[in-house]
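Data block below; observations after.
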Number of protein chains: 2
Amino acid sequence: MSAQNAAPRGTTAAPASSADGGAAALKQLAGQHATGYRSVGVMVYDILKDAILSGALLPGQKLRQETLAELIGVSRLPVRSALIQLEADGLVEFHDRRGAVVKSLSPAQAKEVYDIRVLLEVEALRLTMAALTDARVARLRELGKAADRQQEGSDFVDARTEFYAELYDAEQRPVLWEMIEQLRLKVGRYVLGWRLVGDAEHSHTHEQLIEAVASGEVDRAVDVLRDHLVGVRDAVLELLEAESTAADAAAPASRGRSPR
Amino acid sequence: MSAQNAAPRGTTAAPASSADGGAAALKQLAGQHATGYRSVGVMVYDILKDAILSGALLPGQKLRQETLAELIGVSRLPVRSALIQLEADGLVEFHDRRGAVVKSLSPAQAKEVYDIRVLLEVEALRLTMAALTDARVARLRELGKAADRQQEGSDFVDARTEFYAELYDAEQRPVLWEMIEQLRLKVGRYVLGWRLVGDAEHSHTHEQLIEAVASGEVDRAVDVLRDHLVGVRDAVLELLEAESTAADAAAPASRGRSPR
DNA sequence: TCACGCTGTTCTGGATCCAAAAACCACGAA
DNA sequence: TTCGTGGTTTTTGGATCCAGAACAGCGTGA
């Protein structure tokens, strides 16, 4: 129903959108969100979130309210609402009276995120496996396949999210799930680029995980999960290091260029 | 510098403010926040947060924007900003086009909160104790005493927060601390009432904890922390059960009374 | 030549105004 | 008497307007 065209491409090093501040890509995303009724505020929120996660808006990017407003085609007010929500999510940062910018993540913080995720997700997995039905396993297989199929665009994130929501039994444990979601969000931007850096073997993770879960061997399942997370963590850290040194090199120049 | 008068009193069962929707208490709180410069939006946010945490605004309480606005003495807009932030914190809940209400916590969710807190805070404590300086210990003793002294008002929360921020080295581990803070916030409302229900022995927790930390015996410190959290958890659960049954009994009647 | 201060512009944050959806109330019919 | 229906009122959510703070560009003086 929504998009399958190439919105997030080359998100890793130098997105095509870095010059115009992601304007073009943003307009793309705005178009895709014309579905059903949601308050304009949350629509804008979704658009901006996608833009950040897909890399159309890069860390450090200044978010001028009026620009965003007319780009999306609404007034400034819902944009402000969306920015406040994004601030709470930790995706953007407000500087008193100087507006909002896309927040960046230091390597140390990224490491924290993944270390905490290991803690929480291992716990979630244990709880899940303590009471697992055949129906749930079947559904997991299904969602896992769906997630593996969707390897492009923002649907990619959604598909994976659904998979993990089922795996961790989000319905039964809303608080734990909320925490995990928050952490996933914080590193979402880097994981979308992940496929580009990482190797293909990682795509088998779902299968391995499901198999281990289905077998009922808790320890093995936990090991698979932990290995996966640590693997992604190290890849993200590598990417972040590269990015920050690249930024250090590029910053002086691009700072000097007045953005008009 | 700020207030030391008795703002939140009798928060546990039936606050005096339940009849007028916390209006009186809210005006109290509004007065106390006249300090330095913060944008009006975050000021309102702080006021409302305090109001909810102190029990001036009870779960289920409808939050009419205009009422709050003129009660605090600002326009509706910063109130909206504040409500959005509070929603992100999980303290209020938006119902599409029907406004915001103070969110309530189910016993199951409260249990989740504390179980996750055990996980995270034990980890935080371990990390802290892996590299602890004498200076930090000294500072902890100081903050601990300050926290024990402040047993009233919203400063109570702040003092304890400072203590734990130091204990868990918030500076060094911002993500982990942020997670812990969020969880503490979710149950904040019940913990403020805690002193009223709980027994006095709990007030020695700080001392025990500090002593164990200072001694360098990680396992013992972890045990103290875990015991404390589990103790509070059970007390909160008890309180929540009582509250929910009381609400079940009272709700039909108070629902019938039109709140004008 | 460089540093400093002044002035005009831009942008955020807050207030006010408007439209549409939801709740409330009263009336009427079964 | 109770349920349904129509109209009125309240209240949210969005758009527009306004004031004050930050920024940039320019000129002047050392």
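These numbers come from the heavy atoms of this one structure, side chains and all, not from hydrogens, waters or symmetry mates. Below, chain A is the first sequence line, B the second, and so on; all start at residue 1.
Atom C1' of nucleotide D/dG13 and atom CG of B/Leu68 are separated by 16 Å, given to the nearest angstrom. Remark: P of D/dT12 and CD of B/Glu66 are 8 Å apart, rounded to the nearest angstrom. Atom CD in A/Glu70 sits about 12 Å away from atom P in D/dT16, given to the nearest Å. Computed from coordinates, the A/Leu77 CG to D/dC17 P distance equals 14 Å when rounded to whole Å.
Here the shortest heavy-atom pairing between A/Leu240 and A/Ser106 reads CD1-O, 4.3 Å. Shown here for B/Leu120 and B/Met179, the closest heavy-atom pair between the two residues is CD1-CB, 3.8 Å. When all heavy atoms are compared, the tightest approach of A/Leu183 to A/Ile116 is CD1-CG2, 3.7 Å.
For the salt bridge (Lys or Arg N to Asp or Glu O under 4.0 Å) condition, the pairs that include at least one residue of residues 164-174 of chain A, sequence neighbours left out, are A/Arg136-A/Glu166, A/Arg136-A/Asp169, A/Arg139-A/Glu166, A/Asp169-A/Arg173. Within the structure, side chain to side chain donor-acceptor pair (under 3.5 Å) contacts touching residues 90-105 of chain A (residues at least two apart or in different chains) are A/Arg97-B/Tyr37.
B/Tyr114 meets the ring pair (Phe, Tyr, Trp, His ring centres under 6.0 Å) test with no other residue; sequence neighbours excluded. Annotation: salt bridge (charged side-chain N to carboxylate O under 4.0 Å, His left out) contacts of B/Lys186 (sequence neighbours excluded): A/Glu178.
Taking for each of B/Lys62 and A/Val74 the nucleotide of DNA chain D with the nearest heavy atom, the 5'-most of the two is the partner of B/Lys62.
With B/Val44 as reference, B/Val74 is the one residue of B/Leu68, B/Leu86, B/Val74 to meet the side-chain contact (heavy atoms from CB on, under 4.5 Å) rule. The one candidate from B/Val101, B/Val79, B/Leu48, B/Leu57 that meets the side-chain contact (heavy atoms from CB on, under 4.5 Å) condition with B/Leu63 is B/Leu57.
Taking only side-chain nitrogens and oxygens, A/Gln65 comes nearer than 4.0 Å to OP1 or OP2 of C/dG13.
Counting any heavy atom pair closer than 4.0 Å across all strands shown, B/Arg64 reaches sugar-phosphate atoms only and no base atom.
Contacts between residues 90-100 of chain A and DNA chain D, counted as heavy-atom distances below 4.0 Å, involve A/Arg97, A/Arg98. Contacts with DNA chain C (heavy atom under 4.0 Å) in residues 79-89 of chain A: A/Arg80, listed by number.
Side-chain N/O atoms of A/Arg76 and base N/O atoms of D/dG14 include no donor-acceptor pair closer than 3.5 Å.
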